[in-house]
Each structure stands twice: as C-alpha cells, then as structure tokens.
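Note that the coordinates shown come from a computational prediction; the quantities given were computed from them, not determined experimentally. Ligands are counted one by one from 1 in listed order, and the atoms in each one are counted from 1 as well. Values reported hereafter were calculated over all heavy atoms of this structure, with side chains retained and with hydrogens, waters and symmetry mates removed.
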Amino acid sequence: MKIYLNGQLVDKENAKVSVFDHGLLYGDGVFEGIRAYNGRVFRLDDHLQRLQKSAEAILLALPMPRKSIEAAVLDTLRANNLKDAYIRLLLTRGTGDLGLDMRKCKAGATLIIIADRIELYPEAYYEKGLDLIVSTIRQRRPDQLSPGVKSLNYLANVMARAEATRAGAQEAVLLSTDGYVTECSGDNIFFIHDGAIATPPVHIGLLEGVTRKVVMELCRDKLGTPAKERLFTPFELYRADEVFLTGSAAEIIPAVRLDGRTIGSGAAGPLTKRLIGLFREYAASPGSGTPI
Ligand SMILES: *Cc1c(COP(=O)(O)O)cnc(C)c1O
C-alpha cells in the first residue's frame, strides 16, 4: 500500500510523522473521509471545499492549492490501483515543539492521504438497522470550537461511540446542551414521520456532512419531498416512523432502536430503503464525482 505523505508516495511501513507533530500532540489538524465509487471520487469538490473551510477556521494554511490536493488524491488512488475506496485525508499543524504555539510549526502542515478498501458496517445492518443510544456527552456548543470544523480532535466523539458500544448499541446521538438532537458520533441523522423528512439545522452545531447534502438533494429532486431542517428532541425520534444516519463511510444506514425503544417497524423502513437505492444509483452515475 502506498500512502501519500507531504508530496511523496511512500510504502505504508515508511509512512511516518514526527512525534512532535501537533496533530499527534494536540489533535491540532483537520481531516476528510471520502469515498470513491466505480472509478470516481464521490463529491471530491465538496470535500476539498470543506477541508479548506475547516483549515481556515483553525488558521491552518493549505500546504498547496486545492487543485494540487485533488491531484494528490487521484495519484494516491492510481498508485494503489483502487476504483472503489475509502480515502482518509489528514492535514495536521505539522512539526513544532512541545508548546501550544502554532508559530513553532515552521515547516507548515503535514498532508497525509490514505486510500483503502473499507466497509464500515456489515451489509446486514442496512436491512436490520442500528441500535442507538442518547449519549451523556453533549455536542460542543457552537460558541466553543464550531462542530462544523472537521477537527482531528475527536475524543468526545470517540467516547460517545464507546458509550454506545458498552450499552450494546452501534451509534450514539449527541444532544445540544439544551437537549435537541444534533448528530451522531460520526454521522448525521434524519427521521421520517407521517411522510415528512427532517434533519437538524446546521446552526445548532453539527458537522455539515456531504452525504447529508446529497440526501437532501435526493429528497428534493427524486422523492419530491424536501427534507426540512428543524429542531427536534429524542422524543420525536422515539415516535418516528423511520430514522436513518448518513456519512461517507456508512452512506445511508437505518436506525431502528433508541435507548431501548423500537422505532417504527423495528426494521429498515420503505423510504429509507428507497433513499439507499437512490443513493447507490447516484453514486454509480458519472456526475457524482471526479474521475480517477
Ligand atoms: C464526517 C462527519 C459526518 C459525516 O459527514 P460526511 O461528509 O457525510 O462524511 C458527520 N458527523 C461528524 C461528527 C463527522 O465527523
């Protein structure tokens, strides 16, 4: 496996960064998780735009223009002979000293691109659905570091996921400090009630997923039922007909239980299944991504 590291494609064994990299010392950096389908990198422009916005928000300069990062992603996929893949792109503050001062990271950002085959959840979960819990960990308030930054500092999400695992569930729902649903530890969330589709609004504080955006496009253009962005509590999820999560790795995946309550029929619902079909169809179509 070849890994892209600061301008070079190196063997996995040699893909090493300094222990003084602030990405390691402080989680100081940003990342993207991207998919390639059928020889095309899914919505690569959206991902690179979000990467740039995340980097700008933490005062991190891109080490090269966006077009060159795009070329590096495509080179990495070609070097590994991948047409369908999961791509992890990391941009860290780079090598500094043990202090917090970012000015000490003189060499600039470290850019890493890893392309591999992965499947996040076994196929059975797309039929039978996931178990969710409401996490005791609250989403960061938007007046702290914005949850819209796809930050390497992921410990709250990791702990929320661990909480789900320890409860025998697969994912954790993060509430805002005043109790509204924001998203899950690594995925956005939607629910359907009486044919209406809803998802939390971005301003509440959540990571604005590319998959979320694509699903909203599919709801509007293919289902003729635009998804409404509005506030809701776990109670509305308990009584929903269908709940599903979205993310680059998970794609669209149904959720059928929340804190021990069965949602809807307790299995993947008809609209969720339709959206999964529409999403897969779209992902396989030429307009959905950048050719490798
Ligand atoms: C990346 C991520 C998502 C999903 O975003 P996609 O662009 O669809 O992959 C949702 N929530 C969090 C916290 C994330 O980090």
If the cut-off is 4.0 Å to any non-hydrogen atom of [X], which atoms of ligand 1 fall inside it?
| X | result |
| --- | --- |
| Leu207 | 1 (C), 2 (C), 3 (C), 5 (O), 11 (N), 12 (C), 13 (C), 14 (C), 15 (O) |
| Asn157 | 13 (C) |
| Tyr154 | 12 (C), 13 (C), 14 (C), 15 (O) |

Would you tell me which option among Gly186, Gly209, Gly247, Ser185 has the nearest heavy-atom contact to atom 3 (C) of ligand 1?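 Looking at heavy atoms only, the winner is Gly186.
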
When you measure from the heavy atoms of Arg50 to every atom of ligand 1, does any distance fall below 4.0 Å? yes

Taking the six-membered ring of Tyr4 as reference, does the cationic atom of Lys2 (NZ for Lys, CZ for Arg) lie under 6.0 Å from its centre and within 45° of its axis? no

Could you check atom 12 (C) of ligand 1 against the protein and tell me its nearest heavy-atom contact, residue, atom and distance included? Glu183 OE1, 3.3 Å

Shortest protein heavy-atom distance from atom 14 (C) of ligand 1, along with the residue and atom involved: Lys150 NZ, 3.0 Å

Would you kindly confirm whether [X] and [Y] end up in one hydrophobic cluster when ILVMFWY residues are joined by side chain heavy atoms under 4.5 Å apart?
| X | Y | answer |
| --- | --- | --- |
| Leu206 | Phe31 | no |
| Leu60 | Leu111 | yes |
| Ile263 | Tyr121 | yes |
| Leu48 | Ile292 | yes |

Between [X] and ligand 1, is there a nitrogen or oxygen pair with a distance under 3.5 Å?
| X | answer |
| --- | --- |
| Arg212 | no |
| Ser248 | yes |
| Val210 | yes |
| Glu208 | no |
| Thr211 | yes |
| His47 | no |

Counting distance only, does the side-chain N/O of Ser248 pair as donor-acceptor with the main-chain N or O of Gly33 below 3.5 Å? yes

Quick check on Glu70: does its CD atom have over 12 non-hydrogen neighbours (other residues, nucleotides or ligands) under 6.0 Å away?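 Above 12, so yes.
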
Got more than 12 heavy atoms from elsewhere within 6.0 Å of CE, Met64?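 Counting neighbours around CE of Met64, more than 12 heavy atoms of other residues, nucleotides or ligands fall under 6.0 Å, so yes.
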
Between atom OG1 of Thr92 and atom CG of Leu24, what is the distance when rounded to the nearest 0.5 Å?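 Thr92 atom OG1 to Leu24 atom CG measures 9.5 Å (nearest 0.5 Å).
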
What do we get for Leu206 next to ligand 1 when only non-hydrogen atoms under 4.0 Å count, side chain, backbone, both or neither?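 Neither part.
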
